[in-house]
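Below is one structure, written out as structure tokens; the observations come after it.
Chain letters run A, B, ... following the sequence lines, proteins first and then strands; every chain starts at 1.
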Amino acid sequence: MRAIPVENEQAGPNERGGAEDPLFAGLNPQQREAAEYRGESLLIVAGAGSGKTSVLTRRIAGLLRSGEAWPSQILAITFTNKAAAEMRERVEALVGQAAEGMWISTFHSACVRILRREAENFGYLKSFTIYDSGDQRALIKRIIKQLEADTLGFTVSSVSGKISNLKNELADVDSYARTANMDDPNEVMFIEIFRRYTATLSAANAFDFDDLIAQTVYLFRAFPHVAALYQRRFRHVLVDEYQDTNHAQYALVRELTRPVEPDEVLRLEEQGQHVERLRDVNGAIPGASLTVVGDSDQSIYAFRGADIRNIIEFERDFPRSKVILLEQNYRSTQTILDAANAVISNNFDRPEKKLWTAVGAGEKILGYTGYSAHDEAQFVADEIAKLREDGMAYKDIAVFYRTNAQTRALEEILIRSAVPYRVLGGTKFYERAEIKDVLGYLLAVANPFDELALRRIMNAPKRGIGPATETALASHAEREQTSLRQALRDARQLGLGPKVTTAIEGLAELLDEAAVLAGTAALEPGREATASAAPPAPVAQVLQLLLDRSGYLEILRNSRDPQDEARAENVEELLSVTKEFQRNNPDGTLVDFLTEVALVAAADELDDTSGTVSLMTLHTAKGLEYEAVFLTGVEEDLLPHRMSAGEPGGPAEERRLFYVGITRARKKLHLSLAMTRSQYGDTSVAMPSRYLQEIPADLIDWKQSPGMATSRGGTQPRALNARRVGGSTREPDALSPSNRPKREWPNAVTNQVRDNSALELAVGDRIRHSDFGEGRVSGMTGEGAKRVAEVQFDAAGRKKLLVKIAPIEKL
DNA sequence: ACAGCGGCAGCGGGT
DNA sequence: CTGCCGCTGT
């Protein structure tokens, strides 16, 4: 993260004359108005790089300085932990210690805080578990198997997607069942799955990610006196990235900013809450002031329910609202902004907005078309080397891609080229099996009703508790109307083998002992007596006990599987995470630790001092900026992604994703693609993305254009942009027949793709390649258009070539 | 109960 | 190509 000076380092000279308030120094007139405006509701439409965080943080600082608000009356909500951390840091830089009393957090962590405080009001324990998507999948998988729903075509991902969408719309099983068509067996089955899923979660005293928001809304709606506590408390609610809010989040914001009715105000007063200064003439507490910041052009989360209408219809939703547009960009060169504006203007039905900058044109965009993903990656590595020679630091360079699968080729080449890099947001530490196992132990201690956690650790490490034993325990619990945890304690009654019985009892004792140590023993009814009067032990100590006595770590260390060594190191890493947690949070409980782990899963605290190139998906890139950006894989079926084609609004959303990528670059933007791309183990021809055509030709220097790459030397470098389809640069989002990429862009690229289909090749043939020179065919695989030749080149080494399009001839 | 295997489905993004 | 599932043999 960049160092955040108090002055706005991005803004140009102050455009207003006169005595300057240092708090607002350097803000342009629109930014300043947005920071100073006072009213019920404010929408700040903040284009990419327009300094919105500066505005938000100054707005907060202004409220505090003028005495309009106490820190505790401010709630600032972001989507990511990273954004929350940055905002906190920047507010701290302005107001110092006062920042500590503010809630600056993500939607999810704000809701967890509320739910933990209020859990006991609606049938949960405050030690509830948060199920991540992996847990959710595991649970759904079990339910599908129980119900044999796979025979009806149900998959884990279809079910979890549907449940998630419903929760984002604030639907629950019952409300959904009321509207469903019960003549449809698939509907009936889905409802049964959903019902069991909901029941299991609630029996486990657990919430999934979507529940965190939805349940908070239900809580507020069902208990107005609970809602009133928060409506009274938060006088200023600020929401970042408002274009990414889904319906549940929107509803939450509405609930939080609702006025408190006079009778509820009286109730608050009876509880000893201070209300006198907040009451209006009618005795009500007016709704909190709401500030939302967003940019509909950067809405890229429709897949998880984000509803762009929330921002588009803000003025209708909040009738007395004010809208302020920030269009001056302090990040990129005009060339980059021109490209971005040109691309995004192809999305129709968007509020007009054009970014501009005072910094000048800058360098052209550099384009490159590789023969393969590796060739493309080599371009990235080579250009990074050049940027280095020109004095750019690795940390100022980023490489973006659409899908995580694309990292492989990039990583291979970067390693080979000795470029230091790190992958942001990839496979996460907390998703590794051994980490989930160990966390399972902690979860089972923190929440004895968490059946999923218990099942996970039952046989990890192996103690001879197989599926049969697990089923026996579960049915015992069912029969006795008790928990799985209690069933473990009752193992002796089950008539299992002596070895297994001892193992189960050992696990039950270990968990009980750890619960006493952690101070969670009293959670189970009837076991209060075992609770210890001593204060809860630190998390690390509890974990150490669990690891020592379960033998988990020991078994990994003694394993002869070489991978287990790395797993053991990961577990040790987790142990040091718990120690670190305790240092930072001396009073932090086990539940606090587990909450942090669940919500801050990406341990990608970005420290820009690391001196590495950053690799990430386009989604991860939002909100970040780099001196130089490589946007890779700009191909049809990748960007726009194949799966977006059938979705309403899909291609438009993919275009916004491309736009987000372009606008991350400060000085130098690179666009690259490959002519062939491998997936599922085989290689196919890739077409240049339709979005490339939307960038004016004179903004891009093609080091190798798609045209050049297909017919060496024959075409003009800018053939790609040379011919435009007459008049129509706008395309409807639906994939109408007249609108398929190939038809719409009958340009040089698609027409010039080489076709060697007829070329006969066999092992042993000598060939000449226009780049790699002469070589001998050492292997042939694949059929028809996917025929691949493996060639041992005399000078260039061994390569795999897609025969159909490779620039080769037989000798 | 469990290791080892072969067959098959999946790579769309994140709290 | 990879990871997961179910089958088989011990």
Side-chain angles (χ1 to χ4, degrees), chain A residues 77-84 105-112 130-138 141 144-145 150 155-158 161 164 167-168 207-214 241 244-246 248-249 299-306 400-409 424-428 430-431 433 458-459 461-471 496-497 499-500 503 561 595-602 604 616-623 633 637-647 650 653-654 656-657 660-661 677-683 800:
Chain A
I77 307 177
T78 62
F79 270 83
T80 64
N81 295 299
K82 211 162 52 192
S105 65
T106 62
F107 269 106
H108 291 85
S109 49
C111 286
V112 170
I130 301 163
Y131 280 2
D132 67 19
S133 34
D135 303 326
Q136 183 183 39
R137 296 177 61 87
K141 185 186 268 180
I144 288 179
K145 201 176 264 178
D150 48 339
T155 63
V156 174
S157 69
S158 69
S164 176
K167 288 186 176 182
N168 288 336
F207 293 115
D208 66 24
F209 271 127
D210 302 313
D211 282 336
L212 296 177
I213 316 286
E241 307 283 15
D244 288 333
T245 48
N246 60 34
Q249 289 159 335
S299 165
I300 55 173
Y301 283 107
F303 73 89
R304 62 177 200 213
F400 301 157
Y401 37 82
R402 177 65 178 83
T403 70
N404 280 309
Q406 288 165 251
T407 52
R408 185 160 307 171
L424 272 69
T427 312
K428 287 177 201 101
Y430 293 107
E431 283 170 13
M458 226 182 253
N459 204 29
K462 303 257 179 289
R463 354 177 126 77
I465 307 178
T469 310
E470 189 181 319
T471 309
L496 297 159
K499 232 172 129 184
V500 185
D561 181 341
T595 304
E596 188 170 303
V597 167
L599 296 179
V600 193
D604 57 7
M616 70 194 84
T617 65
L618 285 165
H619 282 90
T620 307
K622 191 164 80 162
D637 289 349
L638 212 47
L639 189 69
H641 195 274
R642 183 169 355 106
M643 297 181 87
S644 72
E647 295 165 9
E653 173 145 323
E654 297 285 306
R656 290 194 290 269
L657 198 50
V660 164
R677 185 130 336 238
S678 305
Q679 51 187 352
Y680 290 109
D682 62 11
T683 308
K800 280 188 177 171

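Atom CE of A:Met458 is separated from atom P of B:dA1 by 12 Å (rounded to the nearest Å).
Nucleotides of DNA chain B nearest to A:Ala468 and A:Ser133 differ in position, and the one nearer the 5' end is that of A:Ala468.
Checking the phosphate oxygens (OP1, OP2) of B:dG14, no side-chain nitrogen or oxygen of A:Asn81 falls inside 4.0 Å. Considering only side-chain N and O atoms, A:Lys145 lies nowhere under 4.0 angstrom from the phosphate OP1 or OP2 of C:dC4.
Counting heavy atoms from C-beta outward, A:Phe107 and A:Thr245 have side chains that approach closer than 4.5 Å. A:Leu639 places a side-chain heavy atom less than 4.5 Å from the side chain of A:Leu618.
Summarising the local packing, CZ of A:Arg642 is surrounded by more than 12 heavy atoms from other residues, nucleotides or ligands at distances under 6.0 Å.
Atom OG1 of A:Thr80 is separated from atom NE2 of A:His108 by 12.0 Å, given to the nearest 0.5 angstrom.
Under the 6.0 Å cut-off for aromatic ring centres, A:Phe303 and A:His619 qualify, their centroids lying closer than that.
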What does the B/S/- profile of nucleotides 8-13 of chain B look like, 5' to 3', with a 4.0 Å heavy-atom cutoff to protein? --BBBB

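Salt bridge present: A:Asp208 and A:Lys167 bring a charged side-chain N and a carboxylate O closer than 4.0 Å.
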Which nucleotides of DNA chain B pair, in dot-bracket form (Watson-Crick or G-U under 3.5 Å, | meaning another strand): ||||||||||.....

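Proximity of a side-chain donor or acceptor of A:Asp210 to a complementary backbone N or O of A:Asn168 within less than 3.5 Å is not detected.
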